[in-house]
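What follows is a short report on a single structure.
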Amino acid sequence: MTHELIGTAKGRDQQVYHPPRAALIKPDEIPFSLDGIGKRRGVQRRLAAILGADIRAYSALMAANEEETHRRVNAAMDRLLREIRKSQGRVISHSGDGLMAEFASAVEALKCALRFQADNGRRNIDLAPALRIEFRMGINSGEIVLQQGRAGGNAINVAARLEQIADPGGIFISSTVFEQAGSVVTVDYEPAGARHLKNIPHPVQVYRISPATCLAGIPPPASSVALPRTALASGEDCRPLLAVLPFRSSQADGEDAFFAEAMVDDIIRLLGGLKHLFVVARGCGADFAPTPADRRRLSDELGVRYLLRGSVRRASGVFRVGLELSEAAAGRVIWADRLDGEASDPFGLQDRIASRVASSVAPLVQEQELHRGMRKHPGGMTAYDLTLQAVDQLYRMDRESFFRSGLLLRQALAQDPGYAAAHSLTAYWHITCVGQGWSCDVDADTAAAARAAQAAIERDRNDALGLAVYGHTQSYLLKNYATALELFDRALAAGPNNAWAHSLSGLTYGWTGDHATSLVRAEEAVRLSRLGPDAYFHEHVLSQALYLSGRYDEAITWGRKSAAHCGAQTSTLRSLAASLVAAGNLEEARHVARHLLQLEPGFKVASFDARTPLSGDGRRRFAERLLEAGLPG
């Protein structure tokens with residue numbers, strides 16, 4: 001269904017169409033001195049995770065017993081400082097009842113907060129509520145501004161506001177922190193919705209970690225790695241594990257080192273958002289040198305299958321970033337790439353590299369996983385393995401492979417009914433069955449798609465892919481466009497780099513007449529999926545968005561690309577035929593129409609017109625152009 005789920009496109013036969021105290025903290029206790037940060041008088045910026053912490057009802061505690069409260073608060077602050085040091089954090093501001101600290105990663109900030117809240121919560125259990133020293137904590141991640149030893153910026157303001165609304169003994173985190181740390185720190189996160197925070201211009205998506213969850217602390221790791229709580233029913237998480245190692249730089253500190261650290265943070269954030277891939281944060285691999293022996297050691301000790309490492313060099317005002325993905329146990333390099341960018345635009349280069357990694361690593365890892373799974377004995381297949389194979393069959397888009405993929409999905413769900421990805425893919429299978437003209441009962445397939453999509457969301461409310469497929473079900477099959485657009489917004493909030501959330505939402509915007517948004521979503525999907533086996537689908541969506549925008553020559557170009565990558569998707573051929581007619585190329589349009597009829601002999605323009613989500617003049621003109629291409633009425 002998508003390379004962000006699973007699949008491969010190589011080595012298969014296809015039908016191809018060609019053309020976050022002063023009185024409490026001593027200066028020498030502040031981790032990492034602020035000295036030196038402001039030696040340059042200009043403004044500096046860098047990415048960081050910010051932890052804000054303060055004490056509930058501090059004034060009331062001091063009014064009740066000033067000296068005792070002062071002593072106890074001092075002791076609590078000392079414990080918090082030790083935890084901050086343990087996570088390599090740095091205090092950037094402090095007051096009588098709270099502080100703000102900076103961390104290099106959201107994972108370390110969250111671990112620090114959880115360790116402290118667990119310890120502090122246990123110390124409060126036997127105390128009367130009026131005597132408890134309870135901290136509220138908020139964590140955000142983003143760009144901070146540094147000038148002459150002072151830190152500021154919107155990222156810090158958001159962390160401070162999250163701390164103010166957090167539960168005493170609990171933690172509130174932003175969606176950015178959830179994306180970066182949620183798949184690594186395995187605790188129960190409760191979506192708390194979009195919050196309008198004081199003096200913050202835009203709503204912030206918030207996740208709550210309850211006091212009870214904090215009191216439980218961080219679950220112990222299994223085999224040195226904390227497995228996600230979304231493990232399969234068998235108790236084993238079969239997703240591939242990938243470690244992102246620290247990038248090497250030509251300087252041990254300074255701008256190059258900051259650039260390399262930020263680069264790794266961005267990559268972890270993007271890859272951590274992919275549900276099928278378990279990403280181990282860079283600190284896990286920090287002690288491992290990039291030699292073949294150390295790669296095998298890392299594979300054995302952490303249980304990872306894949307390693308991503310890189311290097312940063314600078315010369316003549318240009319950053320050169322090298323990237324390498326390898327299979328850990330074998331030490332075999334799977335993929336390598338190199339990007340150059342101006343040192344004057346480090347953030348732009350970081351964005352490009354993180355996007356390149358996310359769009360390249362995911363399909364390559366999944367291709368390796370497919371081959372690994374197919375070598376297993378059938379009796380040892382997991383639901384994950386079966387779903388991998390189902391996607392591979394589905395991408396072939398021929399009728400026999402398509403129905404084989406349906407059988408594999410049923411086997412995956414029989415083995416693990418709680419596997420959300422298999423439910424999402426099942427929903428898409430039924431949608432495709434209708435779209436390809438292979439459904440014997442459109443109403444039954446529509447109902448089955450809706451049930452499977454709902455089941456996927458019930459099992460994982462923040463799965464971008466599942467939300468996108470549910471939205472497409474509402475739009476394409478049920479014509480509930482307002483509901484669909486809400487689901488697409490949720491999908492993109494959960495996975496802003498999910499190509500299918502962009503593509504499927506782009507289709508709906510096109511059908512409802514917002515062609516500009518449709519085009520933007522489709523272009524982003526193509527950019528995100530350039531190496532994926534699902535590239536043909538996103539190319540088709542872009543072709544259709546261009547057609548609806550009246551840019552027929554460009555629509556033809558992308559339609560031909562989609563058809564060349566997978567010539568058996570009938571929606572591609574319909575859109576391409578209509579684009580060719582609109583551009584006056586009737587001969588090729590009729591050639592495409594004949595190919596479509598070979599795939600779907602019973603195709604009728606009237607039947608298509610009755611089910612298409614297009615409306616108004618766009619619907620009428622599309623049908624007329626299909627007729628002109630020679631398709632039967």
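If you're wondering where the values come from, they're calculated on a predicted model, not measured in any experiment.
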On a heavy-atom basis, the closest approach of Leu627 and Gly633 is CD2-CA, 3.6 Å

* Asked: Just by modelled atom types, is the Trp558 backbone N or O under 3.5 Å from a matching donor or acceptor in the Ser562 side chain?
  -> no

For Ala422 and Leu409 the tightest heavy-atom approach is O-CD2, 4.1 Å

task = Could you tell me whether Glu524 and Arg521 make a salt bridge, using a distance below 4.0 angstrom between a side-chain N and a carboxylate O?
result = no

So CD of Glu554 and CG of Leu546: to nearest 0.5 Å the spacing works out to 5.5 Å

Output for pair (Ser615 OG, Arg620 CZ), nearest 0.5 Å, gives 12.0 Å

Strictly below 4.0 Å, N to O, side chains only: are Glu400 and Arg404 in salt-bridge contact? yes

Margin query: Check whether Ser518 reaches the backbone of Asp514 with its side chain - one donor and one acceptor, N or O, closer than 3.5 Å.
Written below: no

Practice item. Give a yes or no answer on whether the side chain of Thr512 reaches the backbone of Tyr509 with a donor-acceptor pair at less than 3.5 Å. Key: yes

Can you tell me how the ring of Phe603 sits relative to the ring of Phe608, calling it parallel under 30°, perpendicular over 60° and tilted otherwise? tilted

Shortest non-hydrogen pair, Arg195 vs Val206, comes out as CG-CG2, 3.6 Å

Do the side chain of Arg459 and the main chain of Pro417 share a donor and acceptor less than 3.5 angstrom apart? yes

Practice problem: Determine whether the aromatic ring centres of Tyr547 and Tyr552 lie less than 6.0 Å apart. | Solution: yes

Review point. Under 4.5 Å between any side-chain heavy atoms of Phe178 and Tyr189, yes or no?
Key: yes

Are the side chain of His595 and the backbone of Gly567 linked by a donor-acceptor contact shorter than 3.5 Å?
yes

Q | Test item: Ser543 side-chain N/O and Ala555 main-chain N/O as donor-acceptor pair under 3.5 Å | A | yes

Interatomic distance, CD@Gln411 vs OG1@Thr387, rounded to 0.5 Å, equals 10.5 Å

For Ser549 and His515, the nearest pair of non-hydrogen atoms, with its separation, is OG-CB, 3.7 Å

- Indicate yes or no for a side-chain donor-acceptor contact from Trp429 to the backbone of Phe402 under 3.5 Å, with no hydrogens or angles considered. yes

Tell me if a side-chain donor or acceptor on Ser475 pairs with a main-chain N or O of Gly471 at a distance below 3.5 Å. no

If you look only at distance, which donor and acceptor atoms sit under 3.5 Å apart when one is on a side chain in residues 476-493 and the other is two or more places apart or in another chain?
{"from": "Lys479", "atom 1": "NZ", "to": "Tyr476", "atom 2": "O", "distance (Å)": "2.9"}
{"from": "Lys479", "atom 1": "NZ", "to": "Arg611", "atom 2": "O", "distance (Å)": "3.2"}
{"from": "Asn480", "atom 1": "ND2", "to": "Gln474", "atom 2": "OE1", "distance (Å)": "2.9"}
{"from": "Tyr481", "atom 1": "OH", "to": "Pro613", "atom 2": "O", "distance (Å)": "3.2"}

* Asked: If only atom types and distance count, is the side chain of Ser401 paired as donor or acceptor with the main-chain N or O of Met397 below 3.5 Å?
  -> no

Notebook entry, point to check: Thinking salt bridges, do Glu624 and Arg619 make one under a 4.0 Å N-O criterion?
Noted result: no

Heavy-atom closest pair (Ala577 atom, Ala589 atom, distance to 0.1 Å) is O-CB, 3.8 Å

Between the OG1 atom in Thr572 and the NE2 atom in His540, the distance rounded to the nearest 0.5 Å is 5.0 Å

Here the gap from Tyr470 atom OH to Glu458 atom CD, rounded to the nearest 0.5 Å, amounts to 8.0 Å

Correct closest heavy-atom pair for Ile431 and Thr473 would be CD1-OG1, 3.3 Å

